Amino acid sequence: MAKSESKTYDPASVEKQIFETWEKGGYFRAEPDGREERFCVVIPPPNVTGALHLGHALNNTLQDILIRRERMRGKNTFWLVGTDHAGIATQATVEKTIREKEGKSRHDLGRDELVRRIWEWKEKFGGRIVEQLRLMGCSCDYSRERFTLDDMCAKAVRHTFFKLFRDGLIYRGKRLVNWDTQLQTAVADDEVYHETVKGHFYHFKYPVKNPQPGEPEHLHIATTRPETMLADTAVAVHPEPDAALDKVEAELKEKLSTSADKEKPGIEAAIEDLGERRKSLLPTLLKLRDMAKAGRMMILPLVDREIPLICDTWAKPELGSGCVKITPAHDPNDYEVGQRHDLPMINVLTEDGKVAEIIELDGSVNPNSSKYAGLKFNTAGRKKVVEDLEAAGLVERIEDRLIDLGHSDRSKMPIEPFLSDQWFVRMSDLKREHAAQIEGLRHHASGLAQMAVDAVKRGDVRFHPARYEKTYVDWLSEKRDWCISRQLWWGHRIPVWSRVMKLSDLCAQTGRGEEALEHLFEITPCDAVIRVEEVGGNRHWHDIDRNPPSTIGWQELRAALQEGDCEVRVLICPAPNLEHKGLEPNEAIADRVQRYAEEAGFIQDSDVLDTWFSSALWPHSTLGWPDAEAPIRAATVRERSPHDTEQTDKSGRQPLPDGRGSDSPDGTDSLLGYYYPTSVLSTAREIITLWVARMVMTGLYNIGDVPFSDVVIHPVIQDGQGRKMSKTLGNGVDPVDIIHKYGADALRFTLADLATETQDIRMPVQKEKLPDGREINISPKFEKGRNFCNKLWQASTGFVIRGLDGYAPTELDPQTLRLEDRWILSRMTTCLLELEQALSRYRFSESMNVLYQFMWNEYCDWYIEMSKSRLAGPERGPAQQVLAYVLDQLLRVLHPFIPFVTEAIWTELNTAAPNRGCANLEKGEPALVNAKWPSVDASLRDDAVESQMAELQAIIKAVREIRTIVNGHRGKEKQPTMRTLPLAVVMGDRDTSKLVETHREFIQSLAGCDLLEARSKEAKPAGALGRVVGSTGVYVPVADLIDLKQVRQDEEKKLEELQKALGRTEKQLGNEDFVQRAAPTVVEQARQRAADLAGQIETLEQHLADLT
RNA sequence: GGGCGAUUAGCUCAGUUGGCUAGAGCACCUCGUUUACACCGAGGGGGUCGCAGGUUCGAGUCCUGCAUCGCCCACCA
């Protein structure tokens, strides 16, 4: 084997071909087969517009490690892969391309055309990220790829929406949302980030209408958004300002007593300020309170609207002037106030972010409206309002102020709170009788959020690390309703049709009137859910709350009509895919309802659902719900129309109303029945709330069981400065670049190695220029992975496999093997045990450490080195066999982490040594991907062997250390350095002498000495450097090799350190409390340590004596 | 404002129920191309574990406070 043959491991030359072999072999294909043991992971679907980034690479590495290991452990494994349609991001990407290339907006194209273009784009580019998963070696079942907008997911979305709507858990409301004026859509709270910007704090005066003697002529209010004053409909003061001040003061004093010193001055100042307010402000506030109670009005400047002065606790007497303007349509808190006081809501903002024409309550256009309408809301509009107020002498002062302003994640524009029609999922607790009617609320949960909280608290879902449970529980416990509508075109369109009509007309439709409407109302509640809402009012009529359900609350509607006619909106949500027997064949009821609705002038809601709505269903929608049998049948639609209850299918069971197949009695041959609930969900902590919580919720609601038992939260990778990796900063590392430079295994190794339980990990980033001129970001971190793979490759192919000539394995009794054989088998066993421990707790980094240490520092550094001389001699057979066996086991356990290189080596090992083992020989499986995971044979562990080997290693290390000292000094003296020392003397007890005699050759070659003497109880050699390990001394006579005086300083320094250490230990042992209270083993360790140190000191003192 | 995390060698990080003469990889220094590997081998230097108290026989580890950095959530007339 000439040197020129050896070359480094070249990942590029093997990875592609190996991946093809795996796919051709169908190893990743999942199929329910009745095996009890199964393991399923659903991938967090990456954004279909996206490319793989390092976070994906990390997350998918971890998932693949789990999946590959379980596959090798003989479980039926399924890693479900797919992508997310990512509403806003995808639509924005395609819109941008079209705008740039064709100069057209989405409005120019129209809804259908834009959606078609996005699909086109998705087909063309959407596969990229899945291709990149293949490059990484991810063992997903690519034949079952899903997409959150595919037919399967759409079906699940329709079913879920219908159920929630039917159960009264989805409602449509006028609510304040975060409005993105650029994208003209509502964005979720989670999609809003806050940024501090420079702004102003404006103090205005509002005139009191007809002030009485002794009453103030003006009220003082302050705002950071002056333009919203156009929409004010009240001014509030606190109902009990004196009591409120008392309460605040009491709280401050309480805080003062417990707070830290540095906070005290601030609190004291606040208390003082309260006292000041009590004097200067309180009388006015009390007066205002009385005025409010008397129903006094204010005149809103500029628009001359009469608005009431009201009492509400939202007005804080300790803040500002104690009065607050109320703008229900443009501020979330004011909205609440408006609800409490039944205040009118006046909207002055257009969808595209301009001041709207101001429509007063009586429906008339405000005569002053034209001055402002059309101005940009928060810029020109604001300026004009302030100017006009100034002209009217109503501006008291304007302060500079930093304002923390919400911005849209997507457009980076400031968010405007905007009153609009939105759809919500009710997360809060329901009235008991309502909750009891809803079968989807399991375990007697009071509401959706509570149900998901309970599941985690019961331990049905466990977080790793456990601390993240708190994030989940805290967030869900707020039970904030979930806004699920988005003003986009790309996504699942809300399956509700509606029409506005007079209540009187609606009531008149029963039994006559428009034909289509008549048809519509013949539909039973099972076929569609019909809901009637008063336009502009708070009344609504919902069939779910009515009994019997089929009446759609007609009685109530008629009763309401008696009080006076009004405009109502009728909403229809057709039941999805109901194929009723007895109706026209081949026409799903959903389509029929839809047709009737459209004929009757009903229009489908134009919004689409929040992307997270379909993501929330991911673990069960992708497995086939609702078509497949769910493990818990009760979870399915429970209400049925009267005319199909008597029908039963062949199995004698009643058919399910959605006509799902019922071939398998227990449903376990469907993907859903077999794989749900899945096993582990691995994700980043930022979506614990957005995604994990909602999956648990919908899983329980739809299926009746949690979607997974364990949630693994991995750290976030930052750059070297602790910043997030991002496109704008240009500090992102592209995993594909890393694969090209270092190989997929190196990428995976390094990422797994970094995956500790911390919350962030940093990765220093470097620029590198490629030959083609492209500049990429790399990180030296990946060298560790590359080096490891290369080391494994070199050791395996370059040494072990090449050394297997004439391999002829026999059944070996481990007890009869040589020390080093038994040692490596013992160490291997320990390694396997530690690996199991680490992996069972999702400690990926620890797993890597265990494997790294064993492969490199034990197998390569010691076992392989010790086998070299044996391979040339009569000991060849057992050495080959143990080498091959340990490599076999090592490849198996390394495979989930670094699948390519291990598979490549495996093939070669199979050729050179088809049968492997120790006591039992087994044929190596053809493919490692599917090979058996090693089982631990605890009998191979041998403490006595390990301690003997440890002594041997210590002796060798001692000689090496001395050799380095000698060569160091010879180097300085320009004398030739020595590969081997002439003589080493080991002085120990009889066992040590025997050990040394037995392994003389090893010691000589590994330590590097020509002669080795084992002596006992004889005089220490003179003129020698020595090291003491345990009770054994190792001496090398060096007087002829170097001038001993040269080493004096080093040895003195060493002596000093040892003496210090001994001092500490002796002090500890001198402490009676320690000896009595500490664990006996700890005391024994200390004694041992003291003895060791004393021995070492004695030896060093002897050197120093030699020098004089 | 509430919650969570981090602070250990020049850099990036381990350090399980307190027992440590505090570890690893990279970088650094010395020596070495003996036939698996220079993406290597042997050896070495480098740390009062952010700061201050406390509990304990014993603290990197537990408690309290402080400082700095970061993340999440809420709110700000």
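In what follows, chains are A, B, ... by sequence order, proteins preceding strands, each numbered from 1. For clarity, every value in this text was computed on a predicted model and none was experimentally measured.
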Counting Watson-Crick and G-U wobble pairs only, both distances under 3.5 Å, name the nucleotide matched with [N], or none.
| N | answer |
| --- | --- |
| rC62(B) | rG54(B) |
| rG32(B) | rC40(B) |
| rU7(B) | rA67(B) |
| rA24(B) | rU12(B) |

Starting at atom [atom1] of [X], determine the distance to atom [atom2] of [N], rounded to an integer number of angstrom.
| X | N | atom1 | atom2 | answer |
| --- | --- | --- | --- | --- |
| I956(A) | rA42(B) | CD1 | C1' | 12 Å |
| D10(A) | rC39(B) | CG | P | 15 Å |
| R979(A) | rC31(B) | CZ | P | 15 Å |
| K784(A) | rC40(B) | NZ | P | 13 Å |

Determine the contact category for [X]: base if any of its heavy atoms lies under 4.0 Å from a base atom, sugar-phosphate if only primed atoms, P, OP1 or OP2 are that close, otherwise nothing.
| X | result |
| --- | --- |
| Q759(A) | base |
| C860(A) | base |
| K1060(A) | nothing |
| K781(A) | base |
| K316(A) | base |
| E1072(A) | nothing |
| R685(A) | sugar-phosphate |
| I761(A) | sugar-phosphate |
| T471(A) | nothing |
| T1081(A) | nothing |
| E865(A) | base |
| T224(A) | sugar-phosphate |
| R1089(A) | base |
| Y852(A) | sugar-phosphate |

So, [X] versus [Y]: side-chain donor-acceptor pair below 3.5 Å or not?
| X | Y | answer |
| --- | --- | --- |
| H200(A) | E399(A) | no |
| Y852(A) | D753(A) | no |
| T327(A) | K325(A) | yes |

Shortest non-hydrogen contact between [X] and [Y], atoms and distance:
| X | Y | answer |
| --- | --- | --- |
| P317(A) | L281(A) | O-CD2, 4.2 Å |
| W856(A) | N787(A) | CZ3-O, 3.8 Å |
| G322(A) | A315(A) | O-CB, 3.8 Å |
| A693(A) | Y472(A) | CA-CE1, 3.4 Å |

Would the number of heavy atoms belonging to other residues, nucleotides or ligands and lying under 6.0 Å from CD of E1084(A) be above 12? yes
[atom1] atoms of [N] and [M], separation to the nearest Å:
| N | M | atom1 | answer |
| --- | --- | --- | --- |
| rA24(B) | rG15(B) | C1' | 10 Å |
| rU34(B) | rG25(B) | C1' | 27 Å |
| rA14(B) | rG23(B) | C1' | 7 Å |
| rA27(B) | rA67(B) | P | 39 Å |
| rC20(B) | rA59(B) | P | 13 Å |
| rA6(B) | rG45(B) | C1' | 28 Å |
| rA22(B) | rU16(B) | C1' | 15 Å |
| rU64(B) | rG18(B) | P | 16 Å |

Between R1089(A) (side chain) and A1061(A) (backbone), is there a donor-acceptor pair under 3.5 Å? no
Please evaluate the base of [N] for a donor-acceptor partner in the side chain of [X] within a cut-off of under 3.5 Å?
| X | N | answer |
| --- | --- | --- |
| K791(A) | rC39(B) | no |
| R841(A) | rU16(B) | yes |
| T8(A) | rC39(B) | yes |
| R467(A) | rC4(B) | no |

Among [options], the one nearest [X] by side-chain distance:
| X | options | result |
| --- | --- | --- |
| N790(A) | rC37(B), rU21(B), rC40(B) | rC37(B) |
| R1064(A) | rC72(B), rU12(B), rU21(B) | rU21(B) |
| T977(A) | rG70(B), rG19(B), rC31(B) | rC31(B) |
| K868(A) | rG15(B), rA36(B), rU34(B) | rA36(B) |
| T758(A) | rA42(B), rA6(B), rA36(B) | rA6(B) |
| T756(A) | rC13(B), rG3(B), rU33(B) | rC13(B) |
| D861(A) | rG41(B), rC13(B), rC72(B) | rG41(B) |
| E478(A) | rC73(B), rG19(B), rG3(B) | rC73(B) |
| R963(A) | rA42(B), rG3(B), rA74(B) | rA42(B) |
| N967(A) | rA6(B), rG41(B), rC31(B) | rC31(B) |

Which sits closer to the 5' end of RNA chain B, D753(A) or A236(A), going by the nucleotide each is nearest to? D753(A)
In terms of the nearest nucleotide of RNA chain B, which residue is placed more toward the 5' end: A795(A) or G720(A)? G720(A)
